[in-house]
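Let me begin by presenting the structure, written as structure tokens, before commenting on it.
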Amino acid sequence: MADNRRQVPSVERVLAGLRANGHAQLPESLATEAARTVLARVRAKAAGGGGVPSLEELVEAARAEARERARPSLRRVINATGVILQTNLGRSPLSERAIGAMVEAAAGYSNLEFDLESGVRGSRHDHVRAMIRRATGAEDGMVVNNNAAALYMALQVFARGREVIISRGQAVEIGGGFRIPDVLRQSGAILTEVGTTNRTYSRDYEAAWTDTTAAILRVHTSNFRVTGFTAEAPLAELAAAAHRLGGLLIDDIGSGCLIDTVRYGMAHEPTVQESLAAGADLVLFSGDKLLGGPQCGIIVGRAELVDRLRSHPLARALRVDKLTIAALNATLRAYCEGTEATEIPVWRMLGSDLAGIKRRARKWAAAAGEFGAAIPSRSMAGGGSLPGEGVATWCAAVRAAHPEDIAAALRRCEPAIAGRVEDGCFLLDPRAVEREDDAYVAARLRQAIHGEI
Ligand SMILES: *Cc1c(COP(=O)(O)O)cnc(C)c1O
């Protein structure tokens, strides 16, 4: 096959073309990057005998490439997937109050680490400490970057070089390749797995305990459910065993649920308060799952333990910024004031009334004409909470020979719209979509079906 690479013009010629076409305002580095990318693509094809486009076409392609690269990488997505805490879409949206607090903290200076009364240095931890205590009832609490960091830190500080006992059924992968046993090993703790995948009793933990064991770790298997012939030791039993043996019970509950999910027609999700009441010494959870706040990891529990964590050098390495502190504080305030059901988007979405969702799904489906119908389905909490559960919902379903094409077209919109393909249909769930986006979604769906996007 002929090698046509000699016909590919130089980067300089394409750049000159870009400048001649009045695109001198393109930053030089961006123009060069774009020209190089386009030419590399053409060269690869030309090596196998592919034709080489004209210089004008290459300049145009480089211009399009530069435009694409100049767009912000992080873009808005309308979440019609039916998964409310969709990790890939950024988990929980924040409340108005949390957004306001972040904007204010971002715009100027604050007393982040400054005691306004005495004029001396203060601690950033103080801004959330009282609020965490009030919202969870814990003796004390602190915040780090995420729950993985919380787990890493708790194990590193309290179990480095010592054993930590975990049930085989809980040595799980949480998602995105994040595996509990890997974090455990990274922390310097020594993993002792006990029991079997489906059944572990407290006597298994007690039998594995040695002089150098530091703790029992309980991990909420948040993204799957073992059903059938299963047994998990009750938390209170594990806590009692750990204490009798002179160690700690560390409970990674994943989602920081503070309220009773049964009120929302869902299965029961373990709460922070229950875990503390059962005797856990430290309870770890994410800020951006069912808590509905910013990305962070929250550690609550016995005051002396939390105090040791707070004064450990790792607390500095894993500390959160002022925006997170502002947003978390505002989010926790809603729980303290009892306004979470209406104020926090995650709970508002999970609590949306079914009749309203059905009406919206019908309207969207109508935009798809003869191909559309509203169908009953289930929305998922996602983000490692309430596995296999979810709440009843209605979706706009579009029958199509190639539902993936509709999905792809809607992803190209700005803002993009994310749905899901199921049983050969393309589905859009209104539950996690704000009402003000309804008309936009319907209009884009109509265009996508007619191949206009
Ligand atoms: C989600 C989850 C984590 C990880 O939390 P991040 O905040 O994403 O770091 C850890 N443990 C459990 C049980 C989880 O569900």
Side-chain angles (χ1 to χ4, degrees), residues 83-94 128 132 141-156 159 164 166-187 189 191 200 215-226 232 235 238 249-258 261 266-272 274-275 278 280 282-301 309 314 317-321 323-325 327-328 331-332 346 380-390:
V83 183
I84 291 159
L85 297 166
Q86 170 55 271
T87 296
N88 302 345
L89 301 182
R91 288 198 188 151
S92 64
L94 295 175
V128 283
I132 291 175
M142 70 172 290
V143 190
V144 290
N145 253 311
N146 55 23
N147 193 23
L151 180 61
Y152 173 77
M153 184 175 185
L155 294 171
Q156 153 95 245
V164 170
I166 183 172
S167 157
R168 283 213 166 74
Q170 295 171 9
V172 298
E173 176 168 324
I174 299 298
F178 171 79
R179 291 181 165 171
I180 296 289
D182 293 339
V183 179
L184 236 135
R185 274 190 285 273
Q186 281 301 316
S187 73
L191 177 71
T200 308
I216 289 176
L217 174 67
R218 206 267 306 238
V219 177
H220 179 47
T221 51
S222 47
N223 54 357
F224 69 98
R225 178 155 288 173
V226 183
E232 212 179 71
L235 192 63
L238 290 186
L249 190 279
I250 301 173
D251 192 16
D252 173 9
I253 62 170
S255 198
C257 189
L258 297 178
T261 46
M266 297 184 285
H268 178 74
E269 173 78 8
T271 66
V272 180
E274 283 163 5
S275 184
L282 290 173
V283 183
L284 323 174
F285 52 98
S286 300
D288 55 351
K289 291 184 178 173
L290 282 176
L291 192 75
Q295 180 197 300
C296 61
I298 301 169
I299 307 175
V300 298
L309 290 170
L314 261 183
L318 303 175
R319 80 179 184 185
V320 293
D321 74 328
L323 304 184
T324 303
I325 287 173
L328 179 61
T331 304
L332 290 171
V346 170
M380 293 293 160
S385 39
L386 303 160
E389 289 301 329

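In each ligand, atom 1 is the first atom listed, and ligand 1 is the first ligand listed.
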Using modelled atom types and a 3.5 Å cut-off, is there a donor and acceptor pairing between side-chain atoms of [X] and backbone atoms of [Y]?
| X | Y | value |
| --- | --- | --- |
| Asn146 | Ala149 | yes |
| Thr261 | Met266 | no |
| Ser187 | Leu184 | yes |
| Glu274 | Thr271 | yes |

query = Numbering the atoms of ligand 1 from 1, which are under 4.0 Å from a heavy atom of His220?
reply = 13 (C)

key: Listed partners of Asp321 passing side chain to side chain donor-acceptor pair (under 3.5 Å), at least two apart   = Thr324

inquiry  = Under the rule for side chain to side chain donor-acceptor pair (under 3.5 Å), what residues qualify as partners of Arg168, not counting sequence neighbours?
reply    = none

Min N/O separation [X] to ligand 1 under 3.5 Å:
| X | answer |
| --- | --- |
| Ser255 | no |
| Asp288 | no |
| Arg91 | yes |
| Gly254 | no |

query = What part of Gln170, side chain, backbone, both or neither, has a heavy atom within less than 4.0 angstrom of ligand 1?
reply = neither

query = Does Gln295 come within less than 4.0 Å of ligand 1, judged by its heavy atoms?
reply = no

task = Pick, from Asn146, Asn147, Val183, Val144, the option with the minimum heavy-atom distance to atom 5 (O) of ligand 1.
result = Asn147

